[in-house]
Amino acid sequence: MRARIHKISRHVPSIFQGRLDFNTTQHRISLSIEHPAELLALRVLAIALIALVCGYLYFVSASVLNVMSRKEALTRTALIQGSIGGLEQEYFKLSQSVKPNSGAALGLSPVSQTQYVYRPGNVGAVTIVRNEI
């Protein structure tokens with residue numbers, strides 16, 4: 001039995017077979033060639049990454065400093081409230097020696113028309129929440 005040798009030129013490819021087009025006149029995308037905008041995109045992404053890291057560090061340090069200053073403000077508030085209590089005690093002790101007749105000697109005059117101011121809400125009330133973070 002003799003093997004038959006077929007010539008390739010006699011066979012026509014099927015319509016279901018793919019086609020390889022090696023035409024290089026058209027501009028195509030290749031992964032082995034650098035795109036002109038790649039360097040610019042890399043620089044923009046690097047700058048954006050650096051900006052995000054700097055922003056993150058700024059906000060973390062700002063929140064830590066705010067927590068520290070708040071704790072310091074709370075300790076100062078406690079010290080001031082303690083000194084106010086001592087001053088109130090001293091005031092009450094000294095005010096018992098002042099009588100209504102000694103007002104003229106101090107330069108005080110009687111009030112004839114009294115008007116009161118009403119502020120709705122708690123303007124001076126401060127609520128302190130512990131352990132916010």
Side-chain angles (χ1 to χ4, degrees):
M1 297 202 156
R2 231 170 135 193
R4 246 169 111 179
I5 300 175
H6 297 287
K7 289 186 178 179
I8 297 176
S9 63
R10 272 201 277 166
H11 298 286
V12 178
S14 170
I15 60 171
F16 298 113
Q17 290 178 341
R19 181 176 157 194
L20 295 175
D21 188 13
F22 294 111
N23 189 4
T24 58
T25 58
Q26 298 176 354
H27 296 288
R28 295 182 184 229
I29 297 174
S30 174
L31 296 178
S32 63
I33 300 173
E34 181 181 9
H35 193 272
E38 278 186 34
L39 185 61
L40 178 66
L42 181 65
R43 286 182 182 169
V44 168
L45 289 175
I47 290 171
L49 180 66
I50 290 171
L52 287 173
V53 167
C54 289
Y56 175 76
L57 291 176
Y58 169 75
F59 286 119
V60 167
S61 63
S63 66
V64 167
L65 290 176
N66 281 337
V67 168
M68 289 171 52
S69 63
R70 187 169 194 286
K71 286 184 179 181
E72 183 181 340
L74 287 175
T75 57
R76 284 187 183 182
T77 303
L79 288 174
I80 290 172
Q81 285 177 351
S83 66
I84 287 175
L87 290 173
E88 282 179 347
Q89 285 180 351
E90 186 179 341
Y91 168 74
F92 288 133
K93 189 186 307 178
L94 293 174
S95 67
Q96 290 180 2
S97 64
V98 177
K99 305 289 181 216
N101 348 359
S102 61
L106 294 172
L108 301 174
S109 62
V111 178
S112 60
Q113 294 179 352
T114 306
Q115 295 179 351
Y116 296 99
V117 177
Y118 172 72
R119 289 187 185 174
N122 296 330
V123 177
V126 177
T127 58
I128 298 173
V129 180
R130 305 283 177 177
N131 299 326
E132 294 93 23
I133 293 181

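Residue numbers run from 1 in the order of the sequence given.
The side chain to side chain donor-acceptor pair (under 3.5 Å) check on Glu72 picks up Arg76, with sequence neighbours excluded. Under the side-chain contact (heavy atoms from CB on, under 4.5 Å) criterion, Ser69 pairs with Asn66, not counting sequence neighbours. A search for side-chain contact (heavy atoms from CB on, under 4.5 Å) contacts involving Glu38 returns Glu34, His35, not counting sequence neighbours. In this structure Leu79 satisfies the side-chain contact (heavy atoms from CB on, under 4.5 Å) test with no other residue, sequence neighbours excluded. Not counting sequence neighbours, the partners of Gln81 by the side-chain contact (heavy atoms from CB on, under 4.5 Å) test are Thr77.
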For residues 39-61, dump all side-chain donor-acceptor pairs below 3.5 Å to protein atoms at least two apart in sequence or in another chain.
{"residue": "Ser61", "atom": "OG", "partner": "Leu57", "partner atom": "O", "Å": "3.0"}
{"residue": "Ser61", "atom": "OG", "partner": "Tyr58", "partner atom": "O", "Å": "2.9"}

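Between the CG atom in Leu94 and the CG atom in Leu87 there is a gap of 10.5 Å [rounded to 0.5 Å]. To the nearest 0.5 Å, the span separating CD on Glu90 from NZ on Lys93 amounts to 7.0 Å.
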